[in-house]
Every structure is written in C-alpha cells, then in structure tokens.
Amino acid sequence: MPTFNGSRLVASPSSPKLLSFRNPNNPSYTQGVSAASMKETSGLLRSFSALKSFSDKVGDAFAKLSSSIKHRKDHQNLKRRLLEAMKQRGYSNQNTFRSINSIIMWFPHFKEGLQNIKNIFEKCDEDSNGTMDHEELKKCLRMLQIQLSEKDIDRLYHYCDMDENKGIQYHEFIVLLCFAYLLAGPDSATNNMSNSASRHVEATFDKLAEAFAFLDKNGDGKLDKKDIILALNEAPSKEKSPTHITSRRFKEMDRNKDGTVSFKEFLFSVIKWIGIDTDHEKEPLRTIEVW
C-alpha cells in the first residue's frame, strides 16, 4: 500500500492494509492510518463541505429576504410621504381636470414638459451607458440643488429601479425626479435648469399629480377600478370610452397585478402612452383612443 512521503503517498511495507504518513521534518516518524479511516475522514470532509455550502445558501436567502422586507417598508414610507405632499399642495382642491379625456388631451403638454429632462439625464449619465448609478444620481440631485437626505435618495433609487438592473434608466429618472420634487418642495427643485425649463418641468409634475388626484376619488393614494368607473361617469356621454377599453388600460397600469394602481405605476403608464422614449410624435386624435 502507498505511504505519504513529503508531498505524496508511498508504499507501506509494514502492512498492506495501512497507509503511512511520513513526516518530512522527522524521517524516522511514520504514522499508520487505515484505509477505512481515510475513507471515513474523506466522507466527513465532503459532508462538511456540503453543509457549509448549504449554510451559505441559507445565509444568502435570509440576507435577500431581510433586504426585501427593508425595501418594502421603505416603499410604504415613500408612498405615505408622497401622498401627504400631494395633499399639502391641495392638488385635489385646485384640480382643473373634469374627465379622463381631459387628462388625455394634456398628453402632448406632458410630453413637451418632460422632454426637458432628457438633457439633465444625459449630462448626469457620466459614462453614457444609458443608466444612472447610485453615485451619479447623488451628484445629479446635488447639481439640481434638490435637498434630500442620503436615506431618501437611496429609497428613491430602489423604489424607481423597476427592473432592478442596478441602474436608473431615462423613464425611471423622470419618475424619480417627480418624486424628488414632491418630497423636497418646489423651491428646492430643478434650480440648476434655465428658469423657463425649470418652470415647465415643475408645472408638468404638478399637472401629473393633479391628474392622479382627480382619479383618486377617495384620496388614499391608489386607484382601483371603482375610481376609474367614477371618473368615467363624470364625463359627458359623448366622451365616455367603452368599458372594455378602460378595463384593459387599468390592467396595463396595474404593473404588479395587486388590483390597485399607485402614483408610480400611473406615471410609468403615462410616460409609455405619450411616447416619451421616442422621437415620434403621436397624433393627438389617436392618443385620445388610449382609453
């Protein structure tokens, strides 16, 4: 049988059933180990390795669960504060919208106002990879003189990163900037833009919040089908859209399929419908058919 000599096993002449370990520092010292013991030890080592791998996976799972719970709590906190900010500004009281179609008629104005954000995004996307990472976002908000805490910036980053690709894309940045504007207040938002562009962006954010407030009939910060039906009933008969079209658009807005539409989901839907990611101008009369 072999024995280990220095860095290898060599034959053990004393016993064919033993493996001999020879200490290179003391050639006269040889310790015999049975093959069965070696096999048992090897099995234990494999079991320990498998147990450690399982333990690491469990640890990773708990870490992800803990992070998910934390983000869920942060998201709830953000939604509550955004609702409070909208109520403080009295969007529901000063609302100029009278029907869903009156909101749709504003789509070209929404698009025009939000186009001004494109230059900000391109300037802050320092590596021009089409996404804004956490550090780029912090620098961008500082440049715009939007006063938010590090914790709020982190919350907004995770809340608006819809596809969780570890970066804020252009359409996500629009939503994030709207939330930052609402949380920080109009006096601290987009001051680094030209005065006319800044006013245009802020006015667009205000109108989007007004549109959501008009649809949110009970003021709880989320839309359900009942809210949409009530809004439809307020429209003149000739302006009402077919029920099946409205139902389809509601499902499209309800991105997480929980039966309600948050302000965030509403904003992402409007951005999609007005074609903010493209240079193609949709015809206003065709846009009205979206509902």
Side-chain angles (χ1 to χ4, degrees), residues 64-89 91-93 95 97-107 110 155-165 168-169 171-176 178-179 182-183 205-235 239-277 287-291:
K64 290 179 181 179
L65 178 61
S66 177
S67 177
S68 175
I69 293 173
K70 177 182 180 300
H71 287 159
R72 195 177 300 120
K73 289 181 178 179
D74 287 343
H75 295 173
Q76 292 299 325
N77 177 275
L78 271 178
K79 286 191 278 189
R80 177 182 55 78
R81 291 171 58 198
L82 286 168
L83 179 60
E84 290 174 356
M86 293 170 69
K87 286 181 177 179
Q88 287 175 1
R89 298 190 191 191
Y91 289 131
S92 57
N93 297 329
N95 209 298
F97 295 107
R98 295 292 179 266
S99 67
I100 288 179
N101 268 14
S102 66
I103 295 174
I104 295 170
M105 290 296 294
W106 257 85
F107 278 12
F110 290 150
R155 287 171 174 170
L156 284 174
Y157 182 87
H158 290 289
Y159 187 51
C160 296
D161 183 15
M162 293 293 285
D163 51 10
E164 298 182 351
N165 66 347
I168 298 298
Q169 300 174 59
H171 65 292
E172 294 169 334
F173 179 67
I174 294 174
V175 175
L176 188 150
C178 179
F179 291 164
L182 290 172
L183 292 175
F205 287 157
D206 283 332
K207 282 297 179 183
L208 285 166
E210 279 186 40
F212 184 81
F214 165 73
L215 297 173
D216 183 15
K217 296 304 180 183
N218 61 2
D220 63 353
K222 55 189 177 184
L223 311 179
D224 54 29
K225 284 188 178 180
K226 183 178 179 181
D227 290 320
I228 302 300
I229 291 172
L230 288 173
L232 278 173
N233 289 337
E234 293 178 3
E239 292 185 12
K240 291 183 179 180
S241 300
T243 303
H244 71 279
I245 294 179
T246 301
S247 178
R248 186 167 68 244
R249 294 312 175 193
F250 180 85
K251 290 180 180 179
E252 190 175 333
M253 286 192 292
D254 183 15
R255 295 170 67 116
N256 64 359
K257 309 304 178 187
D258 67 348
T260 62
V261 176
S262 66
F263 186 37
K264 178 177 71 171
E265 290 173 317
F266 172 76
L267 289 178
F268 276 116
S269 298
V270 171
I271 289 170
K272 176 182 177 181
W273 291 335
I274 65 179
I276 198 66
D277 288 328
T287 305
I288 294 175
E289 295 173 6
V290 75
W291 284 88

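One is the number of the first residue; the rest follow in order along the sequence.
- Ser99 and Asn101 are not linked by any side-chain donor-acceptor pair at a separation below 3.5 angstrom, with hydrogens and angles left out of the test.
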(request) Might you work through the side-chain contact (heavy atoms from CB on, under 4.5 Å) test for Asp220 and Thr260, ending with a clear yes or no? (result) CA-CA 11 Å; Asp220 63 353; Thr260 62; over 6 Å; no

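- The heavy-atom pair separating Gly221 from Phe212 by the smallest distance is O-CZ, 3.6 Å.
- Remark: Ile276 CD1 to Phe110 CZ distance equals 11.5 Å, nearest 0.5 Å.
- Remark: side-chain polar atoms of Lys264 are paired, donor with acceptor, to backbone N or O of Tyr159 under 3.5 angstrom.
- Of the inter-residue distances, the one linking Leu215 atom CG with Ile228 atom CD1 reads 5.0 Å to the nearest 0.5 angstrom.
- With respect to the salt-bridge test (charged N to carboxylate O, under 4.0 angstrom), the residues Glu252 and Arg248 do not qualify.
- Within the 4.5 Å cutoff, side-chain heavy atoms of Glu172 are placed close to those of Asp161.
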(request) Given side-chain contact (heavy atoms from CB on, under 4.5 Å), test Ser269 with Trp273 step by step and report yes or no. (result) CA-CA 6 Å; Ser269 298; Trp273 291 335; 4.1 Å; yes

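- With sequence neighbours excluded, the residues that form a side-chain contact (heavy atoms from CB on, under 4.5 Å) with Asp227 are Asp216, Lys217, Asn218, Leu223, Asp224.
- Considering CZ of Arg80 and CD of Gln76, their distance stands at 10.0 Å, rounded to 0.5 Å.
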(message) Checking Lys207 against Glu210 for the salt bridge (charged side-chain N to carboxylate O under 4.0 Å, His left out) test, could you report, in this order, the C-alpha distance in whole Å, the side-chain angles of both residues, the deciding distance, and whether it holds?
(response) CA-CA 5 Å; Lys207 282 297 179 183; Glu210 279 186 40; 3.6 Å; yes

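- Residue-environment remark: NZ (Lys257) exceeds the threshold of 12 foreign heavy atoms within 6.0 Å.
- At least one donor-acceptor pair closer than 3.5 Å links the side chain of Glu265 to the backbone N or O of Ser262.
- Listed for the Asn77 side chain is no donor-acceptor partner under 3.5 Å among the backbone atoms of Arg81.
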(request) With side-chain contact (heavy atoms from CB on, under 4.5 Å) as the test, would you mind laying out the steps for Ile103 and Val270 before giving the verdict? (result) CA-CA 10 Å; Ile103 295 174; Val270 171; over 6 Å; no

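- Contact of the Leu267 side chain with the Ile174 side chain is not registered, since no non-hydrogen atoms from C-beta on lie closer than 4.5 Å.
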(request) List the steps and the verdict of side-chain contact (heavy atoms from CB on, under 4.5 Å) for Phe268 and Met253. (result) CA-CA 8 Å; Phe268 276 116; Met253 286 192 292; over 6 Å; no

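- Under the 4.5 Å side-chain criterion, counting only non-hydrogen atoms from C-beta, Phe179 is in contact with Leu82.
- Within the 3.5 Å criterion, the main-chain N or O of Gly259 finds a donor-acceptor partner in the side chain of Asp254.
- Between Phe97 and Trp106, the ring planes are perpendicular. Angles over 60° get that label, and only those under 30° would be called parallel.
- Of all heavy-atom pairs spanning Phe214 and Ile100, the tightest one is CE2-N, 4.0 Å.
- Counting all heavy atoms, side chain and backbone alike, Val175 lies closest to Cys160 at CG1-SG, 4.2 Å.
- For the side chain to side chain donor-acceptor pair (under 3.5 Å) test, no residue two or more places apart in sequence or in another chain qualifies with Arg255.
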